[in-house]
Amino acid sequence: NAGVTQTPKFQVLKTGQSMTLQCAQDMNHNSMYWYRQDPGMGLRLIYYSASEGTTDKGEVPNGYNVSRLNKREFSLRLESAAPSQTSVYFCASIGLATYEQYFGPGTRLTVT
Amino acid sequence: AQSVSQHNHHVILSEAASLELGCNYSYGGTVNLFWYVQYPGQHLQLLLKYFSGDPLVKGIKGFEAEFIKSKFSFNLRKPSVQWSDTAEYFCAVKTPYGQNFVFGPGTRLSVLP
């Protein structure tokens, strides 16, 4: 039981490049989330998926797209990376009974 | 704008001192409240949560929090901190609107041995 896994752990992109961050959970959770963490700003919600086949915007969705591929996997795509997207990205999932979020280890992304 | 605020950016304490970290939110209606901890280099872990009932909730590692509805507050407390409590602490609210969660900006706690 790995919990929530994320790949890659680190990534450096040049401005304008694209990439996809992968997230998977093996806890049979319905809801999955993508956050970015920046110093002094806590975690800000980018997108979430309350169930397979649905996605909703969070606080800071601009510049990102998501795909809920199946119940296990929720990917985050940067189509044209910008330096403002330099951040640590966390994926999380929750069980509806407890609303406790289980976080992945994070992806540290630098855009130059 | 609706938000979650944490009063202290950085708190420095000596071991055995008492801790209280403030958290206020601005959402009306029914909310669920959480405190998460992030140890250096690690991901966030749940410390405790409040859904309903007794407004004083106990969590792991000796932490507790008190929900005061009239003050829209959910302050975190620990009677005696240890060096191993050095971490960043985040207050979070599940808003009344769907599955949306909002986190506060975090409070960094440094405990001196």
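Residue numbering restarts at 1 for every chain, and letters A, B, ... go by the order of the sequence lines.
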Can you get from [X] to [Y] by hopping between Ile, Leu, Val, Met, Phe, Trp and Tyr side chains that sit under 4.5 Å apart?
| X | Y | answer |
| --- | --- | --- |
| B:Leu47 | B:Leu109 | yes |
| A:Trp34 | A:Val4 | no |
| A:Met41 | B:Phe34 | no |
| B:Val37 | B:Leu21 | yes |
| B:Leu19 | B:Trp35 | yes |

Original post:
When you look at CZ of A:Arg44, are more than 12 heavy atoms from neighbouring residues, nucleotides or ligands closer to it than 6.0 Å?
Top reply: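 Yes, enclosed.
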
Subject >> Flag if over 12 foreign heavy atoms under 6.0 Å of NE2, B:His9 >> reply: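 Counting other residues, nucleotides and ligands, NE2 of B:His9 stays at 12 neighbours or fewer.
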
To the closest 0.5 Å, what do you measure between [atom1] ([X]) and [atom2] ([Y])?
| X | Y | atom1 | atom2 | result |
| --- | --- | --- | --- | --- |
| A:Phe103 | B:Leu44 | CZ | CG | 5.0 Å |
| B:Asn100 | A:Asp56 | CG | CG | 8.5 Å |
| A:Glu100 | B:Leu48 | CD | CG | 10.5 Å |
| A:Leu43 | B:Tyr36 | CG | OH | 10.0 Å |
| A:Ile94 | B:Leu46 | CD1 | CG | 12.0 Å |
| A:Gln101 | B:Lys94 | CD | NZ | 10.5 Å |

Subject >> Option in A:Pro39, A:Ala92, A:Ala50, A:Gly104 with maximal non-hydrogen atom pairs under 4.5 Å from chain B >> reply: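 Looking at each option in turn, the highest pair count goes to A:Gly104.
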
Subject >> Toward chain A, the part of B:Phe101 with a non-hydrogen atom under 4.5 Å >> reply: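 B:Phe101 touches chain A through backbone and side-chain heavy atoms alike.
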
Original post:
Does the side-chain contact (heavy atoms from CB on, under 4.5 Å) test come out yes or no for A:Tyr102 and B:Gln45, once each step is laid out?
Top reply: CA-CA 7 Å; A:Tyr102 293 82; B:Gln45 305 167 44; over 6 Å; no

Subject >> Residue that, paired with B:Phe103, satisfies ring pair (Phe, Tyr, Trp, His ring centres under 6.0 Å) out of A:Phe90, A:Tyr33, A:Tyr35 >> reply: A:Tyr35

Original post:
If you look at every heavy atom in A:Gly40 and B:Pro105, which pair is closest and at what distance?
Top reply: O-CB, 3.5 Å

Original post:
Quick one: of B:Lys49, B:His43, B:Arg108, who has the most non-hydrogen atom pairs under 4.5 Å with chain A?
Top reply: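 Most heavy-atom pairs within the cutoff with chain A belong to B:His43.
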
**OP:** Tell me, with the steps shown, if A:Gln37 and B:Phe90 meet side-chain contact (heavy atoms from CB on, under 4.5 Å).
**Re:** CA-CA 11 Å; A:Gln37 184 180 28; B:Phe90 295 93; 3.3 Å; yes

